[in-house]
2 protein chains.
Amino acid sequence: MTDTDSSPTLERKRGSGVKMVYDLLRDEILDLELAPGSPIDEVQLAERFKMSRTPIREALVRLAGEGLIDTLPNRSTMVASIDFLNMHTFFDALVLMYRVTTRLAAQNHRPEDLPIIRGFHEDYAAAIKSGDALAMIATNAAFHAAIAEAGRNPYFTSLFRRLLDEGRRILRLYYQSYEEQFPQRFVDEHAEIIAAITARDLEAADRLGKAHAEQIVQQVQKLFARKNQLDIAL
Amino acid sequence: MTDTDSSPTLERKRGSGVKMVYDLLRDEILDLELAPGSPIDEVQLAERFKMSRTPIREALVRLAGEGLIDTLPNRSTMVASIDFLNMHTFFDALVLMYRVTTRLAAQNHRPEDLPIIRGFHEDYAAAIKSGDALAMIATNAAFHAAIAEAGRNPYFTSLFRRLLDEGRRILRLYYQSYEEQFPQRFVDEHAEIIAAITARDLEAADRLGKAHAEQIVQQVQKLFARKNQLDIAL
DNA sequence: TGTATTTTTCTTGTCGACAAGTAAAATACA
DNA sequence: TGTATTTTACTTGTCGACAAGAAAAATACA
């Protein structure tokens, strides 16, 4: 039974290997299961996934293209480090994309987009209630990604997704050490944003998106400052 | 002499093959030497560059990551087509990035950035004078990319580069059929932008960047409309 | 003991070959 | 002649093996 079901070698469809490796490594990187700077070994991955190095390599090339891993030619490849010194450039880009995607969603959304957005909104509220930090991070990102999709500008959406990914890493960094809650206020702000989008109120969506983004940035900076303080104290 | 110098097979350094293929294909795609939708054959490229399919493949994966080629699994891979229907999303993103990068350059540039920007400005003026459409397109993109670099936000810079690439393709599309000149006005606007950046005048840089971008968008839309008119007439 | 040089080891980059999957061509059939 | 089915041809995806480059280890030398 288990023999035929989970056959040890190959029961994989032809191009699915790379996607599987790509998705899994991506998640492990974003959840900090693979620490920034930690080495990535091709043969090790090949053994782990029971496939040759070729598809592994393809997945790594893709991850490198998105800046999630760094490659030193002829030497090693490792998980991209988090650039604390230039964190402000990240915040700048994040705030602007929150604004733009929310505004565009108010302008371009279609009726069928709203239930999807509301669904993630409820997931987020549930995550807040349960106090599951990882779920908060993930559902918040999904909520805003859905809004961006409704804005229907693939250039903004792809940059925004990249920023949300990077944000997932950064938040994970803090929420693994400190049991901190996202304030309830964020849930209310999400509700306001949905209302502005539904009403097609561009200016309100813009303003709320900006304010919400700045709240989140402040929250992260507060954690950042406190962590530094503790680090110095220890 | 020529035998040892240009030895027919391998005198290539170890990781340089992919880069060469990547750069060359990228240029051919952006200059429309490879038409959108035209097929890309791996073995053909392997023969052309006298290397195995592996490095070719890696270059293609990278190009696919940047959206320059589309891959149909198990079937074919071809040059990405230009999406005329959603051109406005491209223009929206382009205008915003012009604004943001120009503003940030006014804020964050260092003294050593200015000569580089001025250099591309002169190249652009020369291209306008000589009437070389391709050089106009290339030097204009280089000018604004340099400004973006001076703004020192890698997230904006990378999106902006992607947009400038796509713009290079679109402009190339029109300037191959119509011998049109970029107006002299663009040169003057470039000079104003440099002045605003040098003076660290954020608001002026923002305003000029936006106005300049909208000028360019208008220019393209004018060509676009005229082409459609001609297409209908024929 | 400390430094320079050689050797070894380990990782990545490239290759040629084969297998899987798809589209086109050829064949069979009505 | 027109359609369904089989066969062929061609392209991509994967594999195992080998070669090049760089770091680490070992050796030689002062």
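Computed from a predicted structure; not experimentally measured. Throughout, protein chains are lettered first and strands after them, A, B, ... in sequence-line order, and every chain is numbered starting at 1.
With the nearest nucleotide of DNA chain D identified for both Glu42(B) and Pro73(A), Glu42(B) has the one nearer the 5' end. Nearest-nucleotide assignment on DNA chain C puts the 5′-proximal partner with Val18(B), out of Val18(B) and Arg75(B).
The side chain of Ser52(A) sits closest to dT14(D) out of dC15(C), dT14(D), dA17(D). With distances taken from any side-chain atom of Met51(B) to the nucleotides dA22(D), dT14(C), dC15(C), the minimum falls on dC15(C).
Among all heavy-atom pairs drawn from Ala146(A) and Ile116(A), the shortest one is CB-CG2, 4.4 Å. In this structure, Tyr155(A) and Phe90(B) approach most closely via the heavy-atom pair CE1-CA, 3.6 Å.
Within the nucleic acid shown, Thr77(A) comes within 4.0 Å of sugar-phosphate atoms alone, with no base atom in reach, counting heavy atoms only. Within 4.0 Å (heavy atoms only), Leu60(A) reaches no atom of the nucleic acid at all.
Between Asp113(B) and Arg152(B) there is a salt bridge, since a side-chain N of the basic residue sits under 4.0 Å from a carboxylate O of the acidic one. A salt bridge links Lys19(A) with Asp23(A); the closest basic N to acidic carboxylate O contact falls under 4.0 Å. Salt bridge Arg168(B)/Asp27(B): present, at least one basic N to carboxylate O contact under 4.0 Å.
As rounded to whole Å, 13 Å separates atom C1' of dG21(C) from atom NZ of Lys13(A). Between Ile69(B) atom CD1 and dT11(D) atom P there is a gap of 16 Å when expressed in whole angstrom units. Atom CZ in Phe49(A) sits roughly 18 Å away from atom C1' in dC15(D) (whole-Å rounding). Atom C1' of nucleotide dT11(C) and atom CD1 of Ile56(A) are separated by 15 Å, given to the nearest angstrom. In this structure, CZ of Arg53(B) is placed 14 Å from P of dC18(C), rounded to the nearest angstrom. Rounded to whole angstrom, the span from the NZ atom of Lys19(B) across to the P atom of dT14(C) amounts to 14 Å. The CZ atom of Arg14(B) sits 9 Å away from the P atom of dA22(D) (whole-angstrom rounding). Rounded to whole Å, atom P of dA20(C) lies 12 Å from atom CG of Asn74(B).
Pair assignment for dC15(D) gives dG16(C), based on Watson-Crick or G-U wobble hydrogen-bonding distances that are each under 3.5 Å. Pair assignment for dC29(C) gives dG2(D), based on Watson-Crick or G-U wobble hydrogen-bonding distances that are each under 3.5 Å.
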